[in-house]
There are 2 protein chains.
Amino acid sequence: MDAVFKALADESRRALLDHLFKSNGQTLSQLCEHLDMTRQAVTKHLLLLEQAKLVTIVWSGREKLHYLNPVPLQEIYNRWISKYERHRLQALSDLKKGLEQNKNKKE
Amino acid sequence: MDAVFKALADESRRALLDHLFKSNGQTLSQLCEHLDMTRQAVTKHLLLLEQAKLVTIVWSGREKLHYLNPVPLQEIYNRWISKYERHRLQALSDLKKGLEQNKNKKE
DNA sequence: TTGACATGCAACCAAAAGGTTGCATATTGT
DNA sequence: ACAATATGCAACCTTTTGGTTGCATGTCAA
């Protein structure tokens, strides 16, 4: 789970996911064309995405094909976001209450 | 959006959000009790959470109260996760197809 | 078979991140 | 008034991160 959050923390890696979203199964060279950095840098980013299981690699001869795996994103939603979503209104009302109490103290 | 992903990338910061989830509106000192690091380190983490608008600060005298703001998490879901969720089955079938084509090449 | 293409490996570098220590400032309670 | 409490500011340090360069390896196509 930590690996997924870390992988998503970088703009270049999110861009890579977006490119795969538009066209799944691209080779390393193809993915490099979009990014303004060396192939080796892209390789490192893709390695992190792979370790987070956000991207799956399939070798085809000398070419390395990259496929999106949406499962970890789903898990982030299930174990993290939906939990907070359920308490969304409560959290906002807590904040409102806190603000008002502070206001009263000042007056 | 980048700030939110960066803020969520660290385990300590996710722990802070979890503590606020359990008990909203805690002071800095209270939040420090849970973490195994100095107050200054916790302050820095909370600053990042604040900049990402995941936490809102309310001053009450000399005490700094911290409140959860679930809105950015909701936005991550809306603009990021749900997008991939919609193409979840497609992505998996792309991968399956890729694997099979590779298998055929080998045989 | 040989040159071009696709990728890997490793050393290296600068900047950012995570954390500490020391001291300063503002608020509270007695 | 003053001591204790709650927090801020800034310099510093180490590790991680994002990126580069140079060279090696494996595969394809003429």
Side-chain angles (χ1 to χ4, degrees), chain A residues 2-20 23 25-52 54-67 98 101-107, chain B residues 2-20 23 25-52 54-67 98 101-107:
Chain A
D2 185 65
V4 181
F5 279 115
K6 286 243 162 60
L8 291 173
D10 187 86
E11 169 60 40
S12 304
R13 288 193 287 271
R14 292 199 300 275
L16 283 169
L17 290 181
D18 264 337
H19 283 116
L20 288 179
S23 172
Q26 293 186 63
T27 67
L28 172 57
S29 303
Q30 286 174 324
L31 289 170
C32 284
E33 290 170 16
H34 312 298
L35 279 289
D36 188 26
M37 59 183 74
T38 62
R39 175 175 54 85
Q40 282 77 359
V42 177
T43 300
K44 286 192 186 178
H45 283 308
L46 287 169
L47 185 67
L48 291 195
L49 289 172
E50 197 189 347
Q51 287 171 343
L54 283 161
V55 162
T56 302
I57 303 297
V58 176
W59 277 95
S60 174
R62 62 180 166 181
E63 288 182 329
K64 198 185 188 183
L65 307 180
H66 299 78
Y67 289 90
Q101 284 179 359
N102 184 242
K103 196 178 169 187
N104 293 338
K105 278 196 179 179
K106 279 189 187 168
E107 285 167 358
Chain B
D2 185 64
V4 181
F5 278 114
K6 285 241 162 56
L8 291 173
D10 186 86
E11 170 59 40
S12 303
R13 288 193 287 270
R14 293 198 300 274
L16 283 169
L17 290 181
D18 264 336
H19 282 116
L20 288 179
S23 171
Q26 294 187 62
T27 67
L28 173 57
S29 303
Q30 286 174 325
L31 288 169
C32 283
E33 289 170 16
H34 312 298
L35 278 289
D36 188 25
M37 59 182 72
T38 61
R39 174 176 54 86
Q40 283 77 1
V42 176
T43 300
K44 287 191 186 178
H45 284 306
L46 287 169
L47 184 68
L48 292 194
L49 289 172
E50 197 189 347
Q51 287 171 343
L54 283 161
V55 162
T56 302
I57 303 295
V58 176
W59 278 94
S60 173
R62 63 179 165 181
E63 287 182 328
K64 198 185 188 182
L65 306 181
H66 298 78
Y67 289 89
Q101 286 178 359
N102 185 245
K103 196 179 168 186
N104 294 337
K105 278 196 177 178
K106 280 188 183 167
E107 285 168 359

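Just so you know, these numbers come straight off a predicted model, no measurement behind them. Labels below follow one simple rule: chain letters A, B, ... track the order of the sequence lines, proteins then strands, and each chain is numbered from 1.
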Let me confirm one number: the NE2-CG distance from B:H45 to B:L16, rounded to the nearest 0.5 Å.
7.0 Å

Using atom CE of B:M37 as one end and atom P of C:dT20 as the other, report the distance to the nearest whole Å.
7 Å

Check the distance between D:dG18's C1' and A:D36's CG and give it to me in whole angstrom.
14 Å

Report yes if some heavy atom in the side chain of A:R39 is under 4.5 Å from a heavy atom in the side chain of A:L28; otherwise report no.
yes

What pair of heavy atoms forms the shortest contact from B:A7 to B:R13, and how long is it?
O-NE, 2.9 Å

Kindly say if B:T38 contacts the phosphate of C:dT20, meaning a side-chain N or O under 4.0 Å from OP1 or OP2.
yes

If you compare every side-chain N and O of A:H45 against the phosphate oxygens of D:dG19 (OP1, OP2), does one of them come in below 4.0 Å?
yes

Nearest heavy atoms of A:A52 and A:V4, plus distance in Å
O-CG2, 3.7 Å

Taking every non-hydrogen atom, the tightest pair across B:H66 and B:L46
NE2-CD1, 3.4 Å

Rounded to the Å, how far apart are A:Q51 CD and D:dT17 P?
11 Å

With five pairs defining each end axis, the helix from C:dT1-D:dA30 to C:dT30-D:dA1 comes out bent, to 10°, by 30°

What integer distance in Å separates B:K6:NZ from C:dA15:C1'?
13 Å

B:L49 atom CG is separated from C:dG18 atom C1', nearest whole Å, by 14 Å

For A:Q26 and A:Q30 the tightest heavy-atom approach is CA-OE1, 3.2 Å

Please say which of A:L54, A:L47, A:L49 ends up in a side-chain contact (heavy atoms from CB on, under 4.5 Å) with A:Q51.
A:L47

Taking all heavy atoms of A:D2 and all of B:R14, pick out the closest pair and write down the distance.
OD1-NH2, 2.9 Å

What's touching nucleotides 6-10 of chain D from the protein side, N or O pairs under 3.5 Å?
unit_1: D:dA6; atom_1: O3'; unit_2: B:R62; atom_2: O; d: 3.4
unit_1: D:dT7; atom_1: OP1; unit_2: B:L28; atom_2: N; d: 3.4
unit_1: D:dT7; atom_1: OP1; unit_2: B:K64; atom_2: N; d: 2.9
unit_1: D:dT7; atom_1: OP2; unit_2: B:S29; atom_2: N; d: 2.8
unit_1: D:dT7; atom_1: OP2; unit_2: B:S29; atom_2: OG; d: 2.3
unit_1: D:dT7; atom_1: O4; unit_2: B:R39; atom_2: NH2; d: 3.2
unit_1: D:dG8; atom_1: OP1; unit_2: B:K64; atom_2: NZ; d: 2.7
unit_1: D:dG8; atom_1: N7; unit_2: B:R39; atom_2: NH1; d: 3.0
unit_1: D:dG8; atom_1: O6; unit_2: B:R39; atom_2: NH2; d: 3.0
unit_1: D:dG8; atom_1: O6; unit_2: B:Q40; atom_2: NE2; d: 3.4

